[in-house]
Protein chains: 2
Amino acid sequence: MQQSPVPPEPPIYRRIADGLREAILSGALRDGDRLPGENALMAEHRVARATARQALSVLINEGLAVPKRGSGVYVRLFRPIRRHGSRRLAQRQWGQGQAIWDSDTAGRPYAVDEVEIDREVAEEEIARVLGGAEVWVRRRRYSVDGRPVQLSVSCFPAALVEGTPITRQDTGPGGVYARLGDLGHAPAHFTEEVRARMPHPHETVQLDLPAGTPVIAIGRVAYTAEGVAVEVNEMVLDAASYVLQYDFDA
Amino acid sequence: MQQSPVPPEPPIYRRIADGLREAILSGALRDGDRLPGENALMAEHRVARATARQALSVLINEGLAVPKRGSGVYVRLFRPIRRHGSRRLAQRQWGQGQAIWDSDTAGRPYAVDEVEIDREVAEEEIARVLGGAEVWVRRRRYSVDGRPVQLSVSCFPAALVEGTPITRQDTGPGGVYARLGDLGHAPAHFTEEVRARMPHPHETVQLDLPAGTPVIAIGRVAYTAEGVAVEVNEMVLDAASYVLQYDFDA
DNA sequence: CAGTGGTCTAGACCACCTC
DNA sequence: AGGTGGTCTAGACCACTGA
């Protein structure tokens, strides 16, 4: 007899997690709502504590829930910021500005803290792109609504920016790009490489990330009209806080 | 007396995980290498099995390691594909094509499987962008080197494409964009919205994702020169398999 | 068939938050 | 003070892998 293949039942913790996920995705549980705790799940499903815990850990690692010590597990909030890559072709020029995904694009102020400026020897890849290892590095952290959302490390060829405001805290009006323009090396072209991955431990600390939050890593190179690379900027964004938008022609 | 604030020691499982992570990031353990198993960690650190397990789960959820049943836990492989957003400004036109992140951009063939074509009523956001809820939908899955890497769902206004090859499996030479051109609605502008998040369960299955792998979700809208939206394409990419590249002018 | 990871139980002590 | 999640122990049975 051919045994008809019985689909194996998922383990208990998965079925509990599936139920909770369904409640979240269906909207029965909304942003910030409290999930049933470990004790509640133990009683409701007649399981050991470790099993209830494992179910909750699934949702936490999926980024759908956030645990709060001594309080409970809560549905994760998602309030993205819209970051425009190429603004040159503003979407509204040829569309009605219809976005697929919502985001609070409105003027929420950025705060910049933890600025560090140093002269360093760049790592290999950056030295290759900039054509030299001697660089000035500007490290910054950006916050919106008091929450850190982005880390940014900019590298400039030392030979180019030595002695200019780019090596100082206050870069003056227009920022570093205006200063590069003053030097006759205004950025004219950009290339951005975008990846997503789980955060490294120091990023988890600096961006205050809960478990289950990926980061978006952007590597951006600024070139002059002559094709000379004048800046390499490596950014790390809290993926739950961002929608990137790029507009371009066929 | 003011008690000097002692930095609290991290828990055991974290210190084990930190050690393993260090070994991975430093290159002592390389792509595909086997990590110390649960039994090895129990013996080496004199801990219970659940603790050793918890340490490994940290690395797995960080996407640094992949468990294989009955075999062991292995260092995760990372072989990204380079996906170009705007090719119009090829990087090599004004640079030496120096990329920050490596990727196998070379001609690795895409395979398309699980094609589904249906006439449907679109969800609200897509209906709003396309200006109508009646749509033809093309669902596809792409694989590279036999591994699924991308899911894609394209929606077209039904009124526009009814009866054309776009509603059939074989769209003919040039694909759907060429057919839209035949209809006098050639795409001229694109906007892409990029997010990263942890995968939903069905995406985990369809893309065969190990734990700790985020996905990149791209929402792409194609507009004609007149500004009419003619396609909405929602893609979900295995984040570990992709580097997105966008080039644009200042 | 021995070793591996996957699941599960039944306890324990702790730090933290809320009331 | 009582409830919450965070960590940890010491067992158990299972399915799968690989030599």
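Keep in mind that what you see is a predicted model, and the values were worked out from it rather than measured. Labels below follow one simple rule: chain letters A, B, ... track the order of the sequence lines, proteins then strands, and each chain is numbered from 1.
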Note to self: Using whole Å, what does the distance between atom P of nucleotide dT4(C) and atom CG of L41(B) come to?
What the structure shows: 11 Å

Next item on the list: Would you classify R14(B) as touching base, sugar-phosphate or nothing, given that sugar-phosphate means primed atoms plus P, OP1 and OP2, and contacts are heavy atoms under 4.0 Å?
Entry: nothing

Check: Given dG6(C), is OP1 or OP2 found less than 4.0 Å from the side-chain N or O atoms of R53(B)?
Finding: yes

Notebook entry, point to check: For Y13(A) and dT7(C), is the shortest distance between a side-chain N/O and OP1 or OP2 below 4.0 Å?
Noted result: yes

Item checked: Nucleotide dT4(C), atom C1' - distance to CG of L35(B) in whole Å -> 14 Å

Notebook entry, point to check: Taking OH from Y74(A) and C1' from dC16(C), how many angstroms apart are they, rounded to a whole number?
Noted result: 12 Å

Notebook entry, point to check: Between atom CD in Q54(B) and atom P in dG6(C), what is the gap in whole Å?
Noted result: 14 Å

Note to self: Counting the atoms with a prime plus P, OP1 and OP2 as sugar-phosphate, which does I12(A) contact under 4.0 Å by heavy atoms, base, sugar-phosphate, or nothing?
What the structure shows: sugar-phosphate

Item checked: Per V73(B) side chain, nearest of listed nucleotides dT9(C), dG5(C), dC8(D) -> dG5(C)

Checklist line | Distance under 6.0 Å and angle within 45° of ring axis: R220(A) vs F190(A) | finding: yes

Item checked: For atom CZ of R34(A) and atom P of dC17(C), their distance in whole Å -> 15 Å

Note to self: Quick check: on DNA chain C, is the nucleotide nearest V47(A) upstream (toward 5') of the one nearest A40(B), or the reverse? Name the residue that is more 5'.
What the structure shows: A40(B)

Note to self: Quick one about R197(B) and T213(A) (side-chain donor to acceptor, distance below 3.5 Å, no hydrogens or angles considered), yes or no?
What the structure shows: no

Margin query: Between R49(A) and dA10(C), is there a contact of a side-chain N or O with OP1 or OP2 at under 4.0 Å?
Written below: no

Notebook entry, point to check: Are side-chain heavy atoms of N233(B) and M235(B) found at a separation under 4.5 Å?
Noted result: yes

Check: When the ring planes of Y142(B) and Y110(B) are compared, do they come out parallel, tilted or perpendicular, using 30° and 60° as the limits?
Finding: perpendicular

Check: Any side-chain N or O of S71(A) less than 4.0 Å from the OP1 or OP2 oxygen of dG3(D)?
Finding: no

Next item on the list: For the residue pair E193(A) and Y246(B), confirm or rule out a side-chain donor-acceptor distance under 3.5 Å.
Entry: no

Notebook entry, point to check: In whole Å, what is the span from the CD atom of E38(A) to the C1' atom of dC8(C)?
Noted result: 15 Å

Next item on the list: Please report, rounded to the nearest Å, how far the C1' atom of dG18(D) is from the NZ atom of K68(B).
Entry: 14 Å

Notebook entry, point to check: Under 4.0 Å: is that the gap between some side-chain N or O of N39(A) and OP1 or OP2 of dT4(D)?
Noted result: yes

Next item on the list: Name the residue closer to the 5' end of DNA chain D, choosing between A52(B) and G70(B) according to the nucleotide with the nearest heavy atom.
Entry: A52(B)

Margin query: Closest approach to the side chain of R69(B), judged atom by atom: which nucleotide of dT9(D), dT9(C), dA15(D) is it?
Written below: dA15(D)

Notebook entry, point to check: Between T51(A) and dT9(C), is there a side-chain N or O to OP1/OP2 distance below 4.0 Å?
Noted result: yes

